[in-house]
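Worth saying up front: this structure is predicted, and the values here are computed from it rather than measured. Below, all heavy atoms of this structure are taken into account, side chains as well, without hydrogens, waters or symmetry copies.
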Amino acid sequence: MRGMLYESFLLNRKCFFFAGIVTAVGTAVCAIMIANPNRTAESVGVAGAIFIAVLALSITVCSEWLGRHLESNLKCRFVDVTLAGGISKNRFVMSLMIENLISMAIGFLMCLAMNGVIAVTDKAVGGDIPFWDVFYIKLAVAIALLVGVFDYMSYPLIIKFKSAEKAGLTIGVVLGFAILLFMLPFNWYKYNVSEEINLIEPLRKFMDAPYFIPVIIGAAAVIYAIVYAVLLNRVKKGDVC
């Protein structure tokens, strides 16, 4: 299994280099905007928006290769050869999950480094912007888990369709439809009762709560376990490619 992991990360190392470049450029831009002695509340707000965007982009880029790599291995029948070569089906499925978790962790660490540099820059100029704040760390954890869960959920569909794009599109449509159904009751309430519905504030309160991290990690663990079982069952049927 270690050989499979080494091969996967070696072949896709460009994604991590690119994610590092994105993080470095984003960090530099935010740091320059914050270090500006003539900065305004608007420029600080823009820096915060850039920070969150780069945070999400860095984590996404670190995990972008996972689906494509599995698709490539399926199309060249490398997966069948690997399974026939002696590696157990359980180890193979486990290796896919480990690839996913490691990629997610690397993206998260890049975001922590970016957060730290911006916080140091702000302190150096005597600012008081709470970039190095528990909220931003929780946000990075949430984004990393969301990206990781989304990618891992696509694996069974990638095996079915032999296409990472079709699998991602299918999951995206399903999740989008689920979110739409979730929003309909709120829209109905807003337009029939004429009250403003604010979903951002409850979300912020949920993220500020001490149980936020355990809840999202627990939810992600449950999803990983379910997808692992589904994926293992599919691999055990044979003829994956």
Could you please spell out the steps behind the side chain to side chain contact (heavy atoms under 4.5 Å, CB included) verdict for Met153 and Val149?
-> CA-CA 6 Å; Met153 287 173 60; Val149 165; 3.6 Å; yes
Do [X] and [Y] have side chains that approach each other closer than 4.5 Å (heavy atoms only, starting at C-beta)?
X: Leu232; Y: Phe92; value: no
X: Glu64; Y: Cys15; value: yes
X: Thr27; Y: Phe51; value: no
X: Leu157; Y: Lys166; value: no
X: Met104; Y: Val147; value: no
X: Arg234; Y: Lys89; value: no
X: Ile59; Y: Met110; value: no
X: Asn90; Y: Tyr228; value: yes

Ser103 versus Ser63, side-chain donor and acceptor atoms under 3.5 Å = no
Any sub-3.5 Å donor-acceptor pair from [X]'s side-chain atoms to [Y]'s backbone N or O?
X: Asn73; Y: Phe78; result: no
X: Ser72; Y: Arg68; result: no
X: Arg13; Y: Leu10; result: yes
X: Lys138; Y: Ala209; result: yes
X: Ser154; Y: Asp151; result: yes
X: Asn12; Y: Ser8; result: yes

Rounded distance [0.5 Å steps], [atom1] in [X] versus [atom2] in [Y]:
X: Met4; Y: Arg91; atom1: CE; atom2: CZ; answer: 11.0 Å
X: Ile50; Y: Cys30; atom1: CD1; atom2: SG; answer: 5.0 Å
X: Asn100; Y: Leu70; atom1: CG; atom2: CG; answer: 11.5 Å

Which atom names give the shortest non-hydrogen contact between [X] and [Y], and what distance separates them?
X: Leu145; Y: Ala220; value: CD2-CB, 4.0 Å
X: Cys62; Y: Ala19; value: SG-CB, 3.5 Å
X: Pro210; Y: Pro214; value: O-CD, 3.7 Å
X: Ala31; Y: Thr121; value: O-CG2, 3.6 Å
X: Tyr152; Y: Val227; value: O-CG1, 3.3 Å
X: Val79; Y: Leu74; value: CG2-CD2, 3.9 Å

Decide side chain to side chain contact (heavy atoms under 4.5 Å, CB included) for Phe108 and Ile143; before the verdict, give the C-alpha distance in whole Å, the side-chain angles of both, and the deciding distance to 0.1 Å.
-> CA-CA 9 Å; Phe108 176 72; Ile143 293 175; over 6 Å; no
Report whether [X] and [Y] are members of the same hydrophobic cluster (ILVMFWY, side-chain heavy atoms less than 4.5 Å apart, transitive linking).
X: Leu112; Y: Ile34; value: yes
X: Phe16; Y: Met114; value: yes
X: Ile217; Y: Tyr136; value: yes

What pairs with Glu71 under salt bridge (charged side-chain N to carboxylate O under 4.0 Å, His left out), at least two apart in sequence or on another chain?
-> Lys75
Report the C-alpha distance between Phe18 and Val22 in whole Å, list the side-chain angles of each, state the deciding distance to 0.1 Å, and finish with yes or no for side chain to side chain contact (heavy atoms under 4.5 Å, CB included).
-> CA-CA 6 Å; Phe18 182 68; Val22 170; 3.8 Å; yes
Does Trp65 have its ring centroid less than 6.0 Å away from the ring centroid of Phe9?
-> yes
Given Phe212 and Val215, is the side chain to side chain contact (heavy atoms under 4.5 Å, CB included) satisfied, shown in steps?
-> CA-CA 5 Å; Phe212 174 74; Val215 167; 6.0 Å; no
